[in-house]
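Worksheet: the structure to be examined is printed underneath.
Along the sequence shown, residues are numbered consecutively beginning with 1. Since the structure is predicted, the reported quantities are computational estimates derived from the model, not experimental observations.
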Amino acid sequence: MAGHVVPHFHNSAGVPSIAIGARKFMCVGALPPYDHPHVFLDMGSDDEIICPYCSTLYKFDAKLHGTDSTPPGCLYETPVAA
């Protein structure tokens, strides 16, 4: 999670739902430059939440680590400057 305390997830693949291992996270929409405002989402005690910008349905899966997702590869990591 380079550069992020709270995991950031993206939906560049355009799938209708993403299972994640975190209840508090940021949704960035698609990868930059096609991202939307990075919005903090908190499921609280619920098991799912819909992003108000991109309408991605995020579902909590306790079997996943906090930065893992199904489908895999939805974690957004800030590029490291060379």
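Atom CD1 of I18 is separated from atom SG of C51 by 10.0 Å, given to the nearest 0.5 angstrom. For the atom pair CG of L64 and OG1 of T70, the computed distance is 4.5 Å after rounding to the nearest 0.5 Å. Rounded to the nearest 0.5 Å, atoms CD1 (I49) and OG1 (T56) are 12.0 Å apart.
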Practice item. Apply the test side chain to side chain contact (heavy atoms under 4.5 Å, CB included) to residues L75 and F9: give CA-CA distance (whole Å), side-chain angles for both, the deciding distance (0.1 Å), then the verdict. Key: CA-CA 4 Å; L75 179 68; F9 293 97; 4.2 Å; yes
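Among residue pairs with one or both ends in residues 25-35, none qualify as salt bridge (Lys or Arg N to Asp or Glu O under 4.0 Å); sequence neighbours excluded. Among residues at least two apart or in separate chains, there is no salt bridge (Lys or Arg N to Asp or Glu O under 4.0 Å) pair with a member in residues 60-72. Annotation: salt bridge (Lys or Arg N to Asp or Glu O under 4.0 Å) contacts involving residues 7-33, sequence neighbours excluded, comprise R23-D47.
The heavy-atom pair separating C54 from C27 by the smallest distance is SG-SG, 3.7 Å. Across all non-hydrogen atoms, the minimal contact from P7 to A22 is CG-CB, 4.0 Å. F25 approaches V6 most closely through the heavy-atom pair CA-CG1, 3.4 Å. Of all heavy-atom pairs spanning E48 and M43, the tightest one is N-SD, 3.9 Å.
With sequence neighbours excluded, the residues forming a side chain to side chain donor-acceptor pair (under 3.5 Å) with S12 are H10, listed by chain and number. Residues meeting the ring-ring contact (aromatic ring centres under 6.0 Å, His included) test with H36, sequence neighbours left out: Y53.
Within 6.0 Å of atom CZ in F40, more than 12 heavy atoms from other residues, nucleotides or ligands are found, so the atom counts as buried in its surroundings.
Under a 4.5 Å side-chain heavy-atom cut-off, the cluster of Ile, Leu, Val, Met, Phe, Trp and Tyr residues that includes I50 is completed by L57.
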